[in-house]
Participant: 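Submitted below is the structure of interest, expressed as structure tokens.
These figures come from a predicted structure and were not determined experimentally.
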Amino acid sequence: RTHDESAGVAAPSKNLNTGFTHFPSARQMYAHLREITKPGGEFVVHNFVGVINDFSVEASLVETELFPRGALEFYTKKNMGWDFTQEENDTWYLAERGGEQGDYRDGMPEKIANVIDCLQNEPLSKRAVIPIPFSSEGSKTVDWKLQGQNKCCRELHLYLEDGKLKCTGIVRMQNANIFVKNIHFFATLVNHVASELGVQVGEYTHWISHLCHDRSATSC
């Protein structure tokens, strides 16, 4: 299909995310996540769901002491599967910013290409999914003791609704102080796909099973 044909096709729908808390941008959601996990340590919030209305890349760039702009852009570039220099790696890579659990690079360009192909050829599809469970092994080899097999972000579900590309992210474990890294990557990915499809970006829905303040909690 052409871009115009894809953009004009959408299934009749009802989006129940209207019932969840909506945040103008990632900045407000970040502040909320930090606030509700303030006790810190082992304190955990289960089953958080929230919606970000403005999911543009710039609105999703939230600088913190741990993640200045350069670090956010480096990690997003890395996780998108884009090229980066050794100098960038030496400047911005820190274990405190997430190790194997937060490395989503493996196969990402192919996964993104699959989503674009899916929605270009079948805009009504419910199969436009970015899976991020493992780096290379399959689910039968899962081992809770290995960080690389226990990715924090699990899947991104992309779909067309109201002429816009929308996304729901499923996150196993979210450290509030790492949220800004994840959300900048997700926004970059969704906006890249939308550009290829020739459509605007709609809201983003963020599902978290386990939410803690930082990486000090056990077995994040």
Side-chain angles (χ1 to χ4, degrees), residues 14-69 71-76 79 92 94-104 129-133 144 147 149-159 161 166-191 201-220:
K14 179 177 183 179
N15 200 326
L16 296 180
N17 72 4
T18 55
F20 303 134
T21 302
H22 281 239
F23 300 87
S25 71
R27 184 174 303 280
Q28 289 78 25
M29 181 179 281
Y30 170 67
H32 181 69
L33 297 182
R34 294 286 286 173
E35 178 63 27
I36 64 176
T37 60
K38 188 181 292 185
E42 299 296 347
F43 181 77
V44 57
V45 174
H46 294 295
N47 299 311
F48 169 88
V49 187
V51 181
I52 296 174
N53 292 330
D54 181 354
F55 206 49
S56 63
V57 175
E58 190 58 31
S60 302
L61 195 154
V62 183
E63 293 189 80
T64 66
E65 184 176 350
L66 183 61
F67 286 102
R69 176 183 284 265
L72 291 171
E73 292 178 341
F74 162 72
Y75 276 97
T76 288
N79 282 324
W92 299 115
L94 285 177
E96 294 84 353
R97 292 176 175 148
E100 284 188 286
Q101 284 181 309
D103 187 347
Y104 311 125
V129 175
I130 302 283
I132 328 175
W144 71 272
Q147 280 201 12
Q149 286 198 359
N150 290 275
K151 300 295 187 186
C152 295
C153 305
R154 308 301 288 189
E155 287 192 335
L156 298 178
H157 302 164
L158 290 84
Y159 58 98
E161 184 179 54
K166 302 184 180 183
C167 179
T168 297
I170 309 297
V171 179
R172 175 189 64 80
M173 171 68 216
Q174 179 77 78
N175 292 121
N177 68 333
I178 304 290
F179 167 80
V180 296
K181 169 185 148 184
N182 301 143
I183 212 66
H184 184 259
F185 164 48
F186 293 171
T188 299
L189 190 156
V190 171
N191 279 269
V201 173
E203 77 271 9
Y204 167 78
T205 305
H206 198 57
W207 290 72
I208 306 171
S209 294
H210 315 293
L211 169 65
C212 294
H213 196 67
D214 55 34
R215 291 169 62 83
S216 65
T218 302
S219 291
C220 292

Participant: Under the side-chain contact (heavy atoms from CB on, under 4.5 Å) criterion, do Q174 and H210 qualify, and how do the steps go?
Facilitator: CA-CA 6 Å; Q174 179 77 78; H210 315 293; over 6 Å; no

Participant: With a 4.5 Å limit on heavy-atom distance, are the side chains of H157 and T205 in contact?
Facilitator: no

Participant: Please report the closest heavy-atom contact between R172 and S209, naming both atoms and the distance.
Facilitator: O-CB, 3.4 Å

Participant: Heavy atoms, side chains only, cut-off 4.5 Å: are I208 and N47 in contact?
Facilitator: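 A side-chain contact under 4.5 Å is absent here.
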
Participant: Return the minimal non-hydrogen interatomic distance between I36 and P39, and the atom names on each side.
Facilitator: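 So the minimum-distance heavy-atom pair works out to O-CD, 4.3 Å.
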
Participant: Is there a side-chain contact between T37 and C212 (heavy atoms, below 4.5 Å)?
Facilitator: no

Participant: Partners of F179 by ring pair (Phe, Tyr, Trp, His ring centres under 6.0 Å), sequence neighbours excluded?
Facilitator: H206

Participant: Which value, rounded to the nearest 0.5 Å, describes the distance between D214 atom CG and E96 atom CD?
Facilitator: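 The CG atom of D214 sits 11.5 Å away from the CD atom of E96.
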
Participant: Can you tell me if H22 uses its side chain to pair, donor with acceptor, with the backbone of V51 under 3.5 Å?
Facilitator: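 Not a single qualifying donor-acceptor pair exists.
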
Participant: Can you measure from CG (N182) to OG (S60) and round to the nearest 0.5 angstrom?
Facilitator: 12.0 Å

Participant: Okay, side chain of R154, backbone of M173: is any donor-acceptor separation there less than 3.5 Å?
Facilitator: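 No; judged by distance alone, with no hydrogens or angles, the pair does not exist.
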
Participant: Look up atom CZ in F74 and atom CH2 in W92, then write down how far apart they are to the nearest 0.5 Å.
Facilitator: 10.0 Å

Participant: Classify the angle between the aromatic ring planes of F48 and F23 as parallel (below 30°), tilted (30 to 60°) or perpendicular (above 60°).
Facilitator: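 It falls in the tilted class, 30° to 60°.
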
Participant: List the steps, then state whether side-chain contact (heavy atoms from CB on, under 4.5 Å) holds for V57 with H184.
Facilitator: CA-CA 7 Å; V57 175; H184 184 259; 3.8 Å; yes

Participant: Output the distance between atom CG (L72) and atom CD1 (I183), rounded to the nearest 0.5 Å.
Facilitator: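 Here the interatomic distance stands at 11.5 Å.
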
Participant: What is the distance from atom OG1 of T76 to atom CZ of F186, rounded to the nearest 0.5 Å?
Facilitator: 10.0 Å

Participant: Who passes ring pair (Phe, Tyr, Trp, His ring centres under 6.0 Å) against Y159, sequence neighbours left out?
Facilitator: none

Participant: So, using ring pair (Phe, Tyr, Trp, His ring centres under 6.0 Å) as the criterion, who are the partners of F20 when residues are at least two apart?
Facilitator: W207

Participant: Is K181 reaching over with its side chain to a backbone N or O of R97, donor-acceptor style, under 3.5 angstrom?
Facilitator: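 Between the backbone of R97 and the side chain of K181 there is a qualifying donor-acceptor contact (under 3.5 Å).
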
Participant: E203 and side-chain contact (heavy atoms from CB on, under 4.5 Å): which partner among I52, T168, N15?
Facilitator: N15

Participant: Quick one: pull up CG in D103 and SG in C152 and give me the separation to the nearest 0.5 Å.
Facilitator: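 One finds 11.5 Å between CG of D103 and SG of C152.
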
Participant: Please check: side-chain N/O of Y30 versus main-chain N/O of V62, any donor-acceptor pairing under 3.5 Å?
Facilitator: no

Participant: Step by step, would you call L156 with V129 a side-chain contact (heavy atoms from CB on, under 4.5 Å)?
Facilitator: CA-CA 6 Å; L156 298 178; V129 175; over 6 Å; no

Participant: Could you walk me through whether S25 and Q28 pass side chain to side chain donor-acceptor pair (under 3.5 Å), step by step?
Facilitator: CA-CA 6 Å; S25 71; Q28 289 78 25; 2.5 Å; yes

Participant: Within the 4.5 Å heavy-atom criterion, are L66 and I178 side-chain neighbours or not?
Facilitator: yes

Participant: Is there a donor-acceptor contact under 3.5 Å from the side chain of N175 to the main chain of N177?
Facilitator: no

Participant: For A217 versus G41, what's the shortest heavy-atom pair and its separation?
Facilitator: CB-O, 3.5 Å

